[in-house]
Amino acid sequence: MGTPDFAKVCFESLLTTENDVIGVITQPDKPKGRGYALMPPPVKVSALENNIPVYQPDTLKDESFANLLEKLDPELIVVVAYGKILPKNVLDYPKYGCINVHGSLLPKYRGAAPIQRAIIDGEKTTGITTMYMEEGLDTGDMIEMYEIAIRPEDNFETLHDKLADLGAYALMSTVKVIASGNVKRYKQDDSKSTYAKKIEKADCLVDFSKSAEEIHNLIRGTSPFPLSFAFLNGKMIKFTSSFLTDKTSKEPAGKVVSLEKGNVYVATGDGVIGIDGVLPEGKGRMKASDFVNGRKISEGDIFTSEK
RNA sequence: CGCGGGGUAGAGCAGUUGGUAGCUCGUCGGGCUCAUAACCCGGAGGUCGUGUGGUUCAAGUCCCACCCCCGCAA
């Protein structure tokens with residue numbers, strides 16, 4: 001059971017094993033994008049290509065899903081970023097249980113956006129945890145844990161891809177361990193748990209009074225999606241890429257202090273941040289230098305929190 | 001029929017009340033300099049998305065149709 005690209009990697013890895021993948025449960029196609037075109041989740045696309053039966057129930061809590069469960073009769077259910085809570089009858093069904101691949105070192109960053117939150121918080125490491133599922137959100141007993149460094153140059157995309165690969169690797173291992181029958185369970189220390197709540201739009205508004213480092217972490221933690229933003233001359237502008245500098249400035253936070261080499265240097269509460277990739281309102285992604293060349297910004301302009 | 005922006009030189013843009021196109025960067029050549037991503041001079045490069053469409057003496061600039069791209073919102 002899974003939905004986005006992150007889950008797809010695990011799914012495709014499972015197919016390479018000797019395990020019998022009997023079906024895929026994923027979210028229903030949803031209207032996305034311009035014109036509300038119906039978009040199938042990545043896992044579905046992959047499943048169809050691999051001739052694995054796909055099921056897209058609206059809910060897991062009704063009789064028709066219970067019937068499907070019996071029909072499929074899984075011995076093990078693997079859940080990766082599925083996007084729905086599994087009811088107790090489902091959790092209890094498989095002989096070997098329901099396991100989950102989570103993109104953090106539990107009990108830290110339980111919840112929906114562990115990868116982004118870890119970057120935004122400036123963590124130096126994160127990882128993958130596999131665990132048995134229970135009714136609580138990411139609270140089940142852990143099975144295996146793999147750590148990985150968050151590099152200064154990582155953004156959400158690069159870290160996501162690394163964790164997706166690591167997650168698939170972890171899953172392979174955990175499945176093997178479960179099959180062997182010698183599974184060890186480790187309880188989570190709830191007192192150390194933190195919750196990585198979904199990234200909201202409000203989380204993405206850049207507050208230039210914060211430190212350059214905090215802003216940089218926000219920008220890279222939300223890039224390439226959903227992207228942080230601020231307003232410039234009455235228009236929204238999103239930030240796709242930034243870097244830290246050793247420049248200093250006494251200018252007020254948010255002011256453009258320099259456009260050297262096409263990069264946009266902005267004063268913050270602590271230090272000057274360099275921005276080298278933007279996405280202007282109504283436009284596509286572009287290098288900061290292109291934005292500068294188009295004469296859309298000049299020294300002294302000020303980024304604000306609202307139009 | 002969710003809302004909106006746009007298709008003009010390799011890139012990002014401008015183009016006024018319609019008169020065959022300009023800016024910044026890049027690129028090529030030359031110069032200056034100890035040197036340079038700095039500066040100076042010069043050059044190349046565009047059938048202005050498509051339509052053997054409409055209006056007009058004349059359309060990038062107005063009208064019509066079509067294709068494509070993008071942002072927002074979900």
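Proteins come first, then strands; the chains are lettered A, B, ... in the order of their sequence lines, and each starts at number 1. All values below come from the heavy atoms of this structure, side chains included, with hydrogens, waters and symmetry mates left out.
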Fill in the blank from the handout: By the Watson-Crick or G-U definition, both distances under 3.5 Å, B:G42 is matched with B:C28
Exercise for the section: Check if the side chain of A:R34 and the base of B:G2 share a donor-acceptor pair of N or O atoms closer than 3.5 Å. Expected result: no
Problem - Distance test, side-chain N/O of A:K32 to OP1/OP2 of B:A73, below 4.0 Å - result: no
Problem - Short side-chain donor-acceptor distance under 3.5 Å, A:E144 and A:S173 - result: yes
Fill in the blank from the handout: Taken to the nearest whole Å, CG/A:L259 to P/B:C25 is 13 Å
Practice task
Can you tell me, in whole Å, how much space there is between the C1' of B:G29 and that of B:G45?
Solution key: 15 Å
Problem - Proximal nucleotide (of B:G12, B:U24, B:G4) relative to the A:R295 side chain - result: B:U24
Exercise for the section: Please state the C1' separation for the pair B:U27 and B:C70 - nearest whole angstrom. Expected result: 27 Å
Practice task
Please work out if A:K235 contacts a base, only the sugar-phosphate, or nothing of the nucleic acid, heavy-atom cut-off 4.0 Å.
Solution key: nothing
Fill in the blank from the handout: Distance col, row A:F156:CZ vs A:I119:CD1, nearest 0.5 angstrom, shows 7.5 Å
Problem - Rounded distance in Å - CE (A:M236) to C1' (B:A73) - result: 10 Å
Handout entry: A:S46-A:E12 side chain donor-acceptor pair, cut-off 3.5 Å
Key = yes
Handout entry: Nearest-angstrom distance, C1' atom, B:C48 to B:C62
Key = 16 Å
Practice task
Specify the closest pair of heavy atoms between A:F243 and A:I275, including all atoms of both residues, with the distance to one decimal.
Solution key: CE2-N, 4.0 Å
Problem - Mate of B:G2 where both pairing distances stay under 3.5 Å, Watson-Crick or G-U - result: B:C72
Exercise for the section: Give A:P280 one of three labels, base, sugar-phosphate or nothing, depending on what nucleic acid heavy atoms sit under 4.0 Å from its own. Expected result: nothing
Problem - Rounded P spacing from B:C28 to B:G10 in Å - result: 15 Å
Handout entry: Rounded interatomic separation in angstrom, taking CG from A:L227 and C1' from B:A73
Key = 15 Å
Practice task
For A:G262, report the nucleic acid contact type (base, sugar-phosphate, nothing); a contact means any heavy atom under 4.0 Å.
Solution key: nothing
Practice task
Looking at every strand, decide which applies to A:K283 at a 4.0 Å heavy-atom threshold: base, sugar-phosphate, or nothing.
Solution key: sugar-phosphate
Completion exercise
Exactly one of A:T26, A:T3, A:D29 clears side-chain hydrogen bond (donor to acceptor under 3.5 Å, both in side chains) with A:K44, and that residue is A:D29
Fill in the blank from the handout: In whole angstroms, the gap separating P of B:C13 from CG of A:N293 amounts to 10 Å
Handout entry: Any side-chain donor near an acceptor of the partner, A:T129 and A:H102, under 3.5 Å
Key = no
Exercise for the section: Sticking with atom P, work out how far B:C40 lies from B:G4, rounded to a whole angstrom. Expected result: 45 Å
Handout entry: Whole-Å P distance, B:U16 and B:U61
Key = 11 Å
Completion exercise
Whole-Å distance, A:D290 CG to B:C70 P, equals 17 Å
Problem - B:A14 OP1/OP2 closer than 4.0 Å to side-chain N/O of A:K296 - result: yes
Practice task
Decide yes or no on salt bridge (Lys or Arg N to Asp or Glu O under 4.0 Å) for A:E123 and A:R117, but give the supporting numbers first.
Solution key: CA-CA 9 Å; A:E123 297 284 340; A:R117 292 288 176 192; over 6 Å; no
Exercise for the section: Round to a whole Å and report the spacing from CE of A:M286 to P of B:U24. Expected result: 19 Å
Exercise for the section: Would you indicate, yes or no, if B:C72 has its OP1 or OP2 atom less than 4.0 angstrom from a side-chain nitrogen or oxygen of A:K238? Expected result: yes
Exercise for the section: Find the distance A:N263:CG to B:A37:P and express it as a whole number of Å. Expected result: 17 Å
Handout entry: Nearest to side-chain heavy atoms of A:Y36, which nucleotide of B:G4, B:A74, B:U24
Key = B:A74
Problem - Separation between the P atoms of B:C23 and B:A44, rounded to whole Å - result: 13 Å
Exercise for the section: Please tell me which of A:G284 and A:K287 maps to the more 5' nucleotide of RNA chain B, matching each residue to the nucleotide holding its nearest heavy atom. Expected result: A:K287
Practice task
Report yes if at least one side-chain N or O of A:K261 is closer than 4.0 Å to OP1 or OP2 of B:C25; otherwise report no.
Solution key: no
Handout entry: Of A:P31 and A:R285, the one whose closest RNA chain B nucleotide lies more 5'
Key = A:R285
Practice task
Please state the P separation for the pair B:G54 and B:C41 - nearest whole angstrom.
Solution key: 47 Å
Exercise for the section: Please determine, for B:U56, whether a Watson-Crick or G-U wobble partner exists with both distances under 3.5 Å, and give it or none. Expected result: none
Practice task
Find the distance A:F291:CZ to B:G12:C1' and express it as a whole number of Å.
Solution key: 10 Å
